[in-house]
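Take a look at the structure set out below.
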Amino acid sequence: MRKALITGITGQDGAYLAQLLLGKGYEVHGVVRRSSHAEVSSHRLRWLGIENDVKLIDGNLNDLSCLMRIMQTIKPDEVYNLGAQSFVHSSWQQPLLTAQVTAVGVTNVLEAVRIEAPTARFYQASSSEMFGLIQETIQSETTPFYPRSPYAVAKLYGHWITVNYRESFGMHASSGILFNHESPLRGKEFVTRKVTDAAARIKLGLQDELPMGNIDAKRDWGHAKDYVKAMWMMLQQDKPDDYVVATGRTTTVRDMIRIAFDHIGLNPADFVRIDASLFRPAEVEVLQGNPEKAKAKLGWEAKITLEEMIAEMVDADLARLRRSEDIDPSKMR
Ligand code: NDP
Ligand code: GDR
């Protein structure tokens, strides 16, 4: 039985990746940060019904000694480094923490693998945010990087240290440059889930307006379920490499909001309010990826459309709210 170790298993991608790997017969281990309310951190694994199928182990990306002990104990065949301070907006408020976890944390995991599990294959969760201020209209593996946030700067470090360990030590280390991907398990701080949750609340009479930042920003949005397949595919290749994973289609935040509100038969203009405090000190205005290499070499392609995904997210939020909130039928829209 092959063994996989996932950092960030309690996050959106970690949960879907664990589900994928369990389905393929892997023994799945996950690193979790200790918290005073462990049941909250495992809520995504519970939502997928896999919380009893994965083996969770306490650890932190900033503690090299614990990562070494974890590698020594588990001796994984594959290591997926998905753990990060992943919210771009927070990275201006917590730039040093972001650097420690999202940048230096990658070296900690690489060192632990190199020393204690040297034959393991390694995946690094790189990001389209590294492209930042756009140098080419459509971004591919050869597009120059220009990070625009402390988060993106940290990810760039993580990306290059992965390339460096591959070239220095011959490690099977691959980096997936993933564009935005979402799902009903997305954190509510990210824009798609903020919008689908608000649309559902407005429909049920639980919220009256939707404060938004820069709705002219454009993103290339795919579904997390599709994207975790690409991570696994990268580690099944004979040679490690770097791949852009994207849909190839870009959409404004404004149009994504319209798709969500159309789904519940409401007009976003009646509820959206622009709030200057939600704008970022430096913005990534537009991202659009070229997934040709992933298609040609991995045989990977995005399957779920933005419309299908947003509809799934709105429906999941409606169902969640109906279960947990006291709904007054007379206030429903
Ligand atoms: P999430 O924010 O949902 O998950 C992040 C995970 O990292 C959580 O499990 C979190 O644990 C864990 N974590 C945070 N800090 C530490 C730490 N110090 N030690 C150990 N674990 C830690 O992110 P996603 O699932 O969306 O993304 C997965 C990865 O992919 C991230 O690295 C992200 O930056 C990257 N990425 C994501 C994209 C996307 O669109 N989703 C696109 C490109 C890259 P806890 O539950 O305790 O908070
Ligand atoms: P992003 O995702 O920064 O691209 O990073 P996010 O959903 O936070 O923002 C996308 C775009 O929407 C604009 N926006 C708003 N964003 C949020 N969160 N809230 C708002 O109210 C709002 N209004 C407008 C933002 O300015 C931005 O342009 C995500 C994360 O998952 C990263 O970890 C990952 O690396 C990248 O995607 C690829």
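Position 1 is the first residue of the sequence, and the numbers go up from there. When a ligand or atom number is given, it counts from 1 through the structure's own listing order.
- With hydrogens left out, the protein atom closest to atom 7 (O) of ligand 2 is Val191 N, 2.8 Å, a heavy atom.
- Contact between Tyr227 and ligand 1 is absent, with no heavy atom of the residue lying under 4.0 Å from the ligand.
- Counting only heavy atoms of the protein, atom 39 (C) of ligand 1 lies nearest to His181 CE1, 3.3 Å.
- The nearest heavy-atom contact from the protein to atom 37 (O) of ligand 2 is Asn180 ND2, 3.1 Å.
- Close N/O approach between Glu182 and ligand 1 is not found [any backbone or side-chain N/O within under 3.5 Å].
- Counting heavy atoms closer than 4.0 Å to ligand 1, residue Val101 contributes side-chain atoms (C-beta onward) but none from N, CA, C or O.
- At a 4.0 Å heavy-atom cut-off, ligand 1 touches Gln12 through backbone and side chain alike.
- For atom 36 (N) of ligand 1, the closest heavy atom belonging to the protein is Tyr151 OH, 4.0 Å.
- For ligand 2, one of its N or O atoms has an N or O atom of Ser86 under 3.5 Å away.
- When atom types are taken as modelled, the side chain of Trp300 and the backbone of Asp226 share a donor-acceptor pair closer than 3.5 angstrom.
- Atoms of ligand 1 lying under 4.0 Å from at least one heavy atom of Gly11, given by number and element, are 3 (O), 4 (O), 8 (C), 9 (O), 25 (O).
- Remark: aromatic rings of Phe131 and Tyr146 are distant, center separation not under 6.0 Å.
- No hydrogens or angles considered: nothing links the side chains of Ser91 and Thr98 as a donor-acceptor pair under 3.5 Å.
- Looking at Arg258 and Glu307, no side-chain N of the basic residue comes within less than 4.0 Å of a carboxylate O on the acidic one, giving no salt bridge.
- Scanning the protein for heavy atoms near atom 20 (C) of ligand 2, the closest one is Lys194 NZ, 3.8 Å.
- Ligand 1 has no atom lying under 4.0 Å from any heavy atom of Thr7.
- Here the protein heavy atom with the shortest distance to atom 5 (O) of ligand 2 is Val88 CG2, 3.6 Å.
- Between Phe87 and Phe190, the ring centre distance stays below 6.0 Å.
- The closest side-chain heavy-atom distance from Thr250 to Leu287 is not below 4.5 Å.
- Note on Asp241 versus Lys293: salt bridge recorded, some NZ/NE/NH1/NH2 to OD/OE distance being below 4.0 Å.
- Neither the backbone nor the side chain of His89 has any atom closer than 4.0 Å to an atom of ligand 2 (non-hydrogen atoms only).
- Between Asp208 and Arg333 there is a salt bridge, with a side-chain nitrogen of the basic residue lying less than 4.0 Å from a carboxylate oxygen of the acidic one.
- When only non-hydrogen protein atoms are considered, atom 26 (O) of ligand 2 lies nearest to Glu283 OE2, 2.6 Å.
- Using a 30° and 60° split on the angle between ring planes, Phe271 and Phe261 fall in the parallel class, below 30°.
- The shell of residues lying under 4.0 angstrom from ligand 1, judged by heavy atoms, includes Lys155.
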Steps toward side chain to side chain donor-acceptor pair (under 3.5 Å) verdict (Asn164, Ser168): CA-CA 6 Å; Asn164 181 261; Ser168 304; 3.2 Å; yes
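- For a threshold of 3.5 Å applied to N or O pairs, the pair formed by Asn180 and ligand 1 contains no separation below that value.
- Counting heavy atoms under 4.0 Å from ligand 2, residue Phe87 touches it through the side chain alone.
- For Ala217, every heavy-atom contact with ligand 2 shorter than 4.0 Å involves the side chain, none the backbone.
- Checked by distance only, ligand 1 and Gln85 stay at 3.5 Å or farther apart across all their nitrogen or oxygen atoms.
- Between Glu301 and Lys295 there is a salt bridge, since at least one side-chain N of the basic residue sits less than 4.0 Å from a carboxylate O of the acidic one.
- Scanning the protein for heavy atoms near atom 8 (O) of ligand 2, the closest one is Arg280 NH2, 2.8 Å.
- Between Arg121 and Glu78 there is no salt bridge, since no side-chain N of the basic residue sits under 4.0 Å from a carboxylate O of the acidic one.
- Taking every heavy atom of Glu129 and a limit of under 4.0 angstrom, the matching atoms of ligand 2 come to 4 (O), 36 (C).
- Residue Lys194 qualifies as enclosed at atom NZ: its count of foreign heavy atoms under 6.0 Å is above 12.
- At a 4.0 Å heavy-atom cut-off, ligand 1 does not touch Phe87 at all.
- If you run salt bridge (Lys or Arg N to Asp or Glu O under 4.0 Å) between Glu129 and each of Arg148, Arg219, Arg280, only Arg219 comes through.
- Counting only distance, with no hydrogens or angles, the side chain of Asp220 and the backbone of Gly289 share a donor-acceptor pair below 3.5 Å.
- Of all protein heavy atoms, the one closest to atom 29 (C) of ligand 1 is Leu82 O, 3.1 Å.
- Side-chain contact annotation: Asn62 with Gln100, donor-acceptor N/O pair under 3.5 Å absent.
- Listed by atom number, the atoms of ligand 1 under 4.0 Å from Ser126 heavy atoms are 43 (C), 44 (C).
- Heavy-atom proximity to Ala125, at under 4.0 Å, picks out these atoms of ligand 1: 29 (C), 30 (O), 32 (O), 35 (C).
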In residues 9-20, what donor-acceptor pairs under 3.5 Å come from side-chain atoms, sequence neighbours left out?
{"unit_1": "Gln12", "atom_1": "OE1", "unit_2": "Ser183", "atom_2": "N", "d": "3.3"}
{"unit_1": "Gln12", "atom_1": "OE1", "unit_2": "Ser183", "atom_2": "OG", "d": "2.9"}
{"unit_1": "Gln12", "atom_1": "NE2", "unit_2": "His181", "atom_2": "O", "d": "3.0"}
{"unit_1": "Asp13", "atom_1": "OD1", "unit_2": "His181", "atom_2": "NE2", "d": "3.2"}
{"unit_1": "Asp13", "atom_1": "OD2", "unit_2": "His181", "atom_2": "NE2", "d": "2.6"}

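- Within the 4.0 Å heavy-atom shell around ligand 1 one finds Arg186.
- Neither the backbone nor the side chain of Glu285 comes within 4.0 Å of ligand 2, counting heavy atoms alone.
- Residue, atom and distance of the protein heavy atom nearest to atom 12 (O) of ligand 2 are Val253 CG2, 3.5 Å.
- Distances from ligand 1 to the non-hydrogen atoms of Ala224 include no value under 4.0 Å.
- Remark: ligand 1 and Thr10 share an N or O pair separated by less than 3.5 Å (distance only, no angle test).
- When only interatomic distances are considered, the shortest N/O to N/O separation between Asn81 and ligand 1 does not fall below 3.5 Å.
- Nearest protein heavy-atom neighbour of atom 13 (C) of ligand 2: Asn214 O, 3.9 Å.
- The residues Arg193 and Asp317 are annotated as salt-bridged, a charged nitrogen and a carboxylate oxygen being separated by less than 4.0 angstrom.
- Under a 4.0 Å heavy-atom criterion, Val31 is not in contact with ligand 1.
- Distance from atom 1 (P) of ligand 1 to its nearest protein heavy atom, with residue and atom name: Ser86 OG, 3.7 Å.
- Side chain to side chain, Thr143 and Glu136 meet the donor-acceptor criterion of an N or O pair below 3.5 Å.
- Contacts of Lys155 with ligand 2, taken as heavy-atom pairs under 4.0 Å, are absent altogether.
- Here Arg186 has side-chain heavy atoms under 4.0 Å from ligand 2, and that is the only part of it that gets that close.
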Verdict with reasoning, Phe145 to His159, per ring pair (Phe, Tyr, Trp, His ring centres under 6.0 Å): CA-CA 11 Å; Phe145 298 122; His159 178 73; 5.4 Å; yes
Residues Leu56, Ser42; criterion side-chain contact (heavy atoms from CB on, under 4.5 Å); working and verdict: CA-CA 10 Å; Leu56 302 180; Ser42 292; 3.9 Å; yes
